[in-house]
Amino acid sequence: MPEVTTDVDAAVRVLRAGGLVGLPTETVYGLAAHARNPEAVRRVFAVKGRPPTHPLIVHLPDASHVGRWAAEIPAALASLADALWPGPLTVVMRAAAEVPAEVTGGRDTVAVRVPAHPLALEVLRRLDDGLAAPSANRFGEVSPTTAAHVVADLGDDVDLVLDGGPCLVGVESTIIDLSGETPEVLRTGAVTVEELSSLLGTGVTLWSGEGEARAPGMLASHYAPHATVYMLDDAAASTEIATGLPGEGSIAVLAGTTTELDQVRSGLAGLAHRLVDLEPVGGPEGFAHDLYDRLRQADRLKCTAVVVVAPPPQGVGAAVRDRLARASSGN
Ligand code: AMP
Ligand code: MG
């Protein structure tokens, strides 16, 4: 099993030598490699089983590093970076010629962010360079939000895991593309579309999901546990899915409150003996914080299904709903 530590020096040594580190950030744990080392970056793809055309986000120590990765710094960056970095916002811009093609997936754009986690920032400052870090899980599966999740997912395929405790946000960063004519949000996260519009003083569109070319890696099916996910807008809708649930195995129930749990239980009264309550997660922030841990728990309990009462789309709730929709796509 990989070394699990809080030793930043050890992590920097591994990264300088071309190794891979499980890196805590405020969103999810990353599988970090020195972004200027193509061989190390290729290993990230191999370990994850990620298609090489899905570009990686470059994590930077601070906004002053952007010039080393961008061909030109978008005018709109300053207001976003001042307000939101370090924080869960990734910005896509035209890439500098020397950015390895492994990082950009061969595109002419690069995605960068400054993460808000003291250990990640300390590693980045000591390295004084960028780290390519997608989530530290196998491709298509649930992102890790604790060091233990990383070890469980990747084992010895990661050289060292830096333990920074549970991730504060719990879902992946918001991605805004500033490389085109108008700013476009490619993925929702804790930073909302409304917040971005108001900081930029212009309308910001949310990418429709049409066309893989626009946002490679934003697959319809992603973030999925082994159990089949059933997403409900409201607990009362549980009656409508009763007949469609798997015929065998335990069914986990995840909701914000115990009241909603009880409503699902009464909606699925005929299946009472198969239902397993997961601990309620509270409002949108709590949902984001605990979502992946609960989905993993459903898998550990060998549930065949997870019924989730989604949070309202306010704040990070929109991102939680997006991840649940992807996790349940194909049902
Ligand atoms: P993650 O899966 O959290 O590592 O986030 C990576 C995602 O960011 C990719 O799947 C893309 O959708 C997006 N992304 C990263 N780099 C670029 C880029 N150069 N151009 C457009 N989108 C990008
Ligand atoms: Mg991921």
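Because the structure is a prediction, the values reported are computed rather than measured. As the structure lists them, so they are numbered: ligands from 1, and atoms in each ligand from 1. FYI, the numbering just counts along the sequence from 1.
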- Query: Going through the checks in order, is the side-chain hydrogen bond (donor to acceptor under 3.5 Å, both in side chains) test met by Arg107 and Thr53?
  - Reply: CA-CA 9 Å; Arg107 310 170 74 79; Thr53 49; over 6 Å; no
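- At least one side-chain heavy atom of Leu245 sits under 4.5 Å from a side-chain heavy atom of Tyr230.
- Within the listing of ligand 1, atoms 7 (C), 8 (O), 13 (C) sit less than 4.0 angstrom from a heavy atom of Ile175.
- Of the heavy atoms in His54, none comes closer than 4.0 Å to ligand 1.
- Looking at Ser143 and Glu172, their side chains do bring a donor and an acceptor atom within 3.5 Å of each other.
- By the criterion of a heavy-atom distance under 4.0 Å, the backbone of Val110, and not its side chain, is placed next to ligand 1.
- At least one N or O atom of Arg187 sits closer than 3.5 Å to an N or O atom of ligand 1.
- Applying the 4.0 Å criterion to heavy atoms of Pro134 picks out, from ligand 1, the atoms 4 (O).
- For the residue pair Asp129 / His65, no side-chain donor-acceptor distance below 3.5 Å is found, with atom types taken as modelled.
- There is a side-chain donor-acceptor pair under 3.5 Å between Thr25 and Arg113.
- Atom numbering of ligand 1 starts at 1 in the shown order; those under 4.0 Å from a heavy atom of Arg107 are 20 (N).
- Among the backbone and side-chain atoms of Asn137, no N/O/S atom is found under 2.8 Å from the Mg ion (ligand 2).
- At a 4.0 Å heavy-atom cut-off, ligand 1 touches Thr109 through backbone and side chain alike.
- When each of Arg50, Arg42, Arg43 is checked for a salt bridge (Lys or Arg N to Asp or Glu O under 4.0 Å) with Glu102, only Arg42 meets the rule.
- Residue contact annotation: Arg50 has a non-hydrogen atom under 4.0 Å from ligand 1.
- The side-chain hydrogen bond (donor to acceptor under 3.5 Å, both in side chains) with Ser173 is formed by just one residue from the set Thr188, Thr27, Thr90; it is Thr90.
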